[in-house]
Amino acid sequence: MAKIHTTAKKHFILVGNWKMNPDTLEDAKKLFSALSRKAQKTTKVSVVIAPPYPFIGPLSGKSDVISIAAQDVSNEPRGAFTGGVSARQAKAVGATSTIIGHSERRKAGDTDEVIAQKTFEALDAGLRVILCVGEKERDQHAHYLRAIRDQILIVFSKIDKKKASWITIAYEPVWAIGKSYDTAPKPSDIHEMSIYIKKVISEVLGQKPGLKFQVLYGGSVNFENAQAILSDGAVDGLLVGRQSLDPDAFGNMIEYANNL
Ligand code: PGA
């Protein structure tokens, strides 16, 4: 019998944030090709890997199914900023996107203003942005919602709104990053936050683009909780730390998202 009703499958984004791992280029290449093999059969998942800066060039172009992100970029376009890496430089060696505002960068001193400027620079250089937002802790009176709202609105006040669709928000509650895997919030809490984030963005961009805005979840994701979050968390994907260094675990997430 002919199908009367088909549901369009959702397209997920899975980002692997390698942080300051692994130690050598050789290991980075091995890990990357293992992940690339796992991602080979996917049709419904965009896989993005964020390696440390020195590995971006050597890994870019090595997979036709994985794109490369930087983990951060400078808030300055160029000049006398020793140790800095500009958005244009990251793009020049093969990054197509960058993470900005990760809590580990915020902890190292990035203020909301700096993050907004970094986002401006990245978009100006033609990079997509994975903008991390998240509360340090939750309080009974839901003041943490205000913190998330402020983190988002300051960035949107600095950028050219025409480029807003190049941003993906990653909701990463600081209290759930790098912890035991049962610390991750429940899918229903993530669902709630995803809707809240879309509402905040709707205030700036209007309802239609706001509600369509891509929101990822990150913070102590493993294959087990990834399944529940992808199914019931109302998110467009995941930002995965430790488990993106394990090709089997990350590969399982890719496969699961592809079949959802
Ligand atoms: P984690 O890291 O998955 O190891 O908690 C997530 C992140 O910091 O992006």
Side-chain angles (χ1 to χ4, degrees), residues 12-23 27-28 31-32 35 38 45-53 55-56 66-73 90 95 97-110 115 118-119 122 128-138 144 147-148 151-152 155 167-187 189-190 193-194 197 214-230 233 235-254 256-257:
F12 287 103
I13 306 164
L14 292 192
V15 185
N17 175 13
W18 286 0
K19 307 194 179 183
M20 208 164 71
N21 302 292
D23 286 349
D27 285 348
L31 177 57
F32 192 74
L35 292 170
K38 299 280 183 189
V45 184
S46 299
V47 181
V48 182
I49 292 295
Y53 286 133
F55 304 152
I56 292 179
I66 299 182
S67 60
I68 306 273
Q71 295 176 12
D72 189 29
V73 290
S97 57
T98 181
I99 297 172
I100 292 178
H102 192 280
S103 70
E104 286 150 18
R105 300 299 339 149
R106 289 181 190 262
K107 201 172 159 202
D110 279 11
I115 287 158
K118 287 182 170 186
T119 306
R128 291 183 175 276
V129 172
I130 300 153
L131 175 67
C132 299
V133 299
E135 75 279 8
K136 286 199 185 110
E137 54 191 12
R138 290 201 168 191
Y144 63 90
I148 305 279
Q151 287 173 359
I152 294 171
V155 171
I167 301 178
T168 299
I169 302 279
Y171 169 57
E172 294 215 314
V174 181
W175 49 268
I177 295 175
K179 300 288 188 329
S180 78
Y181 294 108
D182 55 10
T183 311
K186 293 194 295 288
D189 291 339
I190 296 172
M193 186 57 90
S194 173
I197 289 171
Q214 290 171 325
V215 178
L216 314 181
Y217 170 76
S220 294
V221 172
N222 64 0
F223 178 50
E224 210 181 319
N225 61 27
Q227 298 168 66
I229 296 168
L230 288 171
V235 287
D236 299 279
L238 303 168
L239 175 48
V240 182
R242 285 157 292 168
Q243 294 285 290
S244 67
L245 299 165
D246 177 341
D248 289 332
F250 199 62
N252 286 339
M253 292 181 211
I254 296 170
Y256 185 83

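Just follow the structure's listing: the first ligand is 1, and inside any ligand the first atom is 1.
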> Can you list, by chain and residue number, every protein residue with a non-hydrogen atom closer than 4.0 Å to ligand 1?
Replying inline: Asn17, Lys19, His102, Glu172, Ile177, Gly178, Gly219, Ser220, Val221, Leu239, Gly241, Arg242
> What residues form a side-chain hydrogen bond (donor to acceptor under 3.5 Å, both in side chains) with Arg128, not counting sequence neighbours?
Replying inline: none
> Can you tell me if His102 and Glu172 form a side-chain donor-acceptor pair at under 3.5 Å?
Replying inline: yes
> Judged by atom type as modelled, is there a donor-acceptor pair below 3.5 Å linking the side chain of Gln71 to the main-chain atoms of Ala50?
Replying inline: yes
> Among all residues two or more places apart in sequence or in another chain, which pass the salt bridge (charged side-chain N to carboxylate O under 4.0 Å, His left out) test with Lys186?
Replying inline: Asp189
>> Just to verify, what does Ser220 make a side-chain hydrogen bond (donor to acceptor under 3.5 Å, both in side chains) with, not counting sequence neighbours?
In response: Arg242
> NZ of Lys136: more than 12 outside heavy atoms within 6.0 angstrom?
Replying inline: no
